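Worksheet: the structure to be examined is printed underneath.
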Amino acid sequence: GYFDAISCCLAFHHYPDGLAAVRAFRQVLKPGGMAFVADPGPQWFNDMSRDLAKLADPGFVRHRTGAEFQMLFREAGFRDVYWVEALPGIGITAATA
């Protein structure tokens, strides 16, 4: 419980265990701290870009949908979990520890 906020921008699709990553975020945040993740999320974008991402990005694991991000954060103990498509194809998850 040390940090007030965590920001993860366009990297979450490299994490093989999303739940473990989100639990680590939760562990290092102070109570009331905020986590912010920007990553591909809308299903239409994930479907369209999956094959290209596998080909072009050697560290690519998988894209997650907004619903999957919300589920991961809630399962890790976050509250006030929000997800929105902020740009075409890119979603933002915001959650309170």
Side-chain angles (χ1 to χ4, degrees):
Y2 185 77
F3 294 102
D4 295 318
I6 291 175
S7 174
C8 177
C9 187
L10 300 175
F12 206 89
H13 56 274
H14 293 277
Y15 302 159
D17 188 340
L19 183 56
V22 175
R23 284 181 173 152
F25 293 171
R26 177 74 179 82
Q27 184 177 7
V28 299
L29 282 169
K30 292 178 182 177
M34 297 287 300
F36 302 93
V37 173
D39 214 52
Q43 189 65 55
W44 67 266
F45 182 86
N46 295 350
D47 292 342
M48 179 184 71
S49 65
R50 183 178 302 110
D51 291 339
L52 181 60
K54 288 178 184 177
L55 180 66
D57 185 350
F60 176 79
V61 175
R62 68 181 289 256
H63 292 136
R64 291 163 177 85
T65 64
E68 288 174 302
F69 276 113
Q70 290 177 310
M71 183 184 67
L72 286 173
F73 276 80
R74 287 188 179 111
E75 190 172 334
F78 282 86
R79 56 188 172 83
D80 302 325
V81 180
Y82 300 96
W83 183 88
V84 64
E85 184 175 1
L87 296 169
I90 303 296
I92 304 279
T93 304
T96 307

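Just so we're clear, the structure is a prediction, and the values are computed from it rather than from any experiment. The figures here come from the full heavy-atom set of this structure, side chains too, leaving out hydrogens, waters and symmetry mates.
- Using a distance-only test at 3.5 Å, with no hydrogens or angles considered, a donor-acceptor pair links the side chain of His14 to the main chain of Gly59.
- When side chains are defined from C-beta on, Glu75 counts as touching Leu19, because their heavy atoms get closer than 4.5 Å.
- A donor-acceptor pair is defined here as one N or O able to donate and one able to accept, closer than 3.5 Å; such a pair exists between the side chain of Glu68 and the backbone of Thr65.
- Clustering of Ile, Leu, Val, Met, Phe, Trp and Tyr side chains at separations under 4.5 Å places Phe45 together with Trp44, Met48.
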Between Val22 and Tyr15, is a side chain to side chain contact (heavy atoms under 4.5 Å, CB included) present by the stated rule, with each step listed?
-> CA-CA 10 Å; Val22 175; Tyr15 302 159; over 6 Å; no
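- Shown here for Arg79 and Gly32, the closest heavy-atom pair between the two residues is NH2-CA, 4.1 Å.
- Under the ring pair (Phe, Tyr, Trp, His ring centres under 6.0 Å) criterion, Phe25 pairs with no residue, sequence neighbours left out.
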List the steps, then state whether side chain to side chain contact (heavy atoms under 4.5 Å, CB included) holds for Leu29 with Phe3.
-> CA-CA 5 Å; Leu29 282 169; Phe3 294 102; 4.3 Å; yes
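- Between Val37 and the options Cys9, Cys8, Ser7, a side-chain contact (heavy atoms from CB on, under 4.5 Å) holds for only Cys8.
- Legend: residues meeting side-chain contact (heavy atoms from CB on, under 4.5 Å) with Ala53, ordered by chain and number and at least two apart, are Phe60, His63.
- Counting all heavy atoms, side chain and backbone alike, Ala35 lies closest to Phe73 at CB-CE2, 3.8 Å.
- Taking Arg50 as the reference, Gln43, Asn46, Asp47, Lys54 meet the side-chain contact (heavy atoms from CB on, under 4.5 Å) condition, with sequence neighbours excluded.
- Closest of all the heavy-atom pairs between Asp39 and Ala11 is OD1-N, 3.4 Å.
- Considering every non-hydrogen atom in both Asp57 and His13, the closest pair reads OD2-NE2, 3.7 Å.
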Table please: side-chain donor-acceptor pairs of residues 83-97 below 3.5 Å, with sequence neighbours left out.
| residue | atom | partner | partner atom | Å |
| --- | --- | --- | --- | --- |
| Glu85 | OE2 | Gly89 | N | 2.9 |

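- The hydrophobic cluster containing Ile6 also contains Phe69, counting ILVMFWY residues as joined when their side-chain heavy atoms lie under 4.5 angstrom apart, directly or transitively.
- Considering only residues two or more places apart in sequence or on other chains, Asp4 meets the salt bridge (charged side-chain N to carboxylate O under 4.0 Å, His left out) condition with Lys30.
- The minimum heavy-atom distance linking Phe36 with Ala5 is given by the pair CE1-CB, 4.5 Å.
- Between Phe78 and Arg26, the shortest heavy-atom distance links the atoms CE1-CB, 3.4 Å.
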